[in-house]
Amino acid sequence: MRGTSYSPSPLKIGESVVGRAVRDRKPYPVSDIAKSHYKFPELAHACQLRSMLSVPIIARERVLGGITVYSRKPHRYNSGEIDLLTAIAGHAAIAIENANLYRDSLNALFTLAKTIEAKDTYTQGHSERVTRVAAAIADGLKLPPEQVNLIRQICPLHDLGKIGISERVLRKKGKLTPQEWVQIRRHPLIGADILGPIRLFGEGICVVRNHHERVDGKGYPDGLAGNDIPLLARIACIADAFDAMTSSRPYRKGMPLSEVLDEIRRCSGAQFDRDISELFIDMVNKGGLDPNLIIVE
Ligand SMILES: [Fe+2]
């Protein structure tokens with residue numbers, strides 16, 4: 001409500017005016033609040049509210065909530081005004097439905113990503129930790145909130161393409177043969193092919209496709225070098241390598257933090273972006289990374 005810092009207590013269906021609009025699934029105009037079922041008379045008095053109109057927000061037969069407008073003048077709402085607010089509620093319903101669909105789609109994809117981790121027994125929790133490390137780096141680089149958000153959405157899916165790699169290869173404990181490496185190296189392209197048509201990730205798909213590129217151009221799948229590798233992918237690359245090195249595997253213990261940081265420093269400018277490496281090492285040394293992301297059993 002404009003001009004107040006009022007936050008209303010939750011209403012039950014049928015309660016107050018908007019609760020009745022929701023219960024009855026129809027607009028509820030009130031020309032005199034003092035003579036209505038309005039539940040907050042002290043607010044009406046403090047804000048000099050005299051009349052109001054509540055309409056339900058309905059999507060696909062389901063009531064999602066209600067919208068209310070108020071007036072400081074006694075007012076009898078006409079059908080044009082009621083139709084206008086009902087139309088606005090219709091747009092709100094579509095927006096809420098889209099947001100819910102978007103959330104459901106993301107959850108479905110994240111579930112899919114977790115099933116891949118289950119397939120690859122060595123990487124339990126890997127995607128989630130990579131996401132948190134990558135988001136911390138993006139924050140440290142002071143990227144705009146939309147970019148940090150994008151990295152949070154796409155990073156859990158960076159290895160989605162492993163769905164197309166045989167379990168035998170993913171679970172193999174010994175050295176991989178050259179042919180098996182060829183298989184493994186296909187996962188960024190498989191993931192990008194699966195997620196590419198989903199427009200909501202936009203440029204974020206680069207994290208899936210390019211997280212194994214190296215700044216010296218010797219990475220895969222595109223062999224991009226330096227700043228030709230999209231920034232979000234360069235961030236994900238360090239986060240991914242960091243988690244791989246700190247995590248224990250059935251056949252080896254995770255490396256101590258100091259050795260991991262030495263390795264990142266050593267590979268800076270070859271495998272990793274120099275500036276991002278420096279920022280990351282500095283961040284870890286200053287205690288800016290959640291300790292749970294550093295020691296992984
Ligand atoms: Fe990967």
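Just so you know, these numbers come straight off a predicted model, no measurement behind them. One-based numbering, in listed order, for ligands and for the atoms of each.
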Got a sec: does the [atom1] of [X] have more than 12 other heavy atoms crowding it under 6.0 Å?
X	atom1	result
Gln153	CD	yes
Arg103	CZ	yes
Arg186	CZ	no
Leu200	CG	yes

Original post:
Ion pair present between Arg214 and Asp216, side-chain N to carboxylate O less than 4.0 angstrom?
Top reply: yes
Subject >> Atoms named by residue and atom, protein N, O or S, within reach of the Fe ion (ligand 1) (under 2.8 Å) >> reply: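 The answer, once waters are left aside, is Asp159 OD1, His187 NE2, His211 NE2, His212 NE2.
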Original post:
What orientation do His187 and Tyr220 show, parallel under 30°, tilted 30 to 60°, or perpendicular over 60°?
Top reply: perpendicular
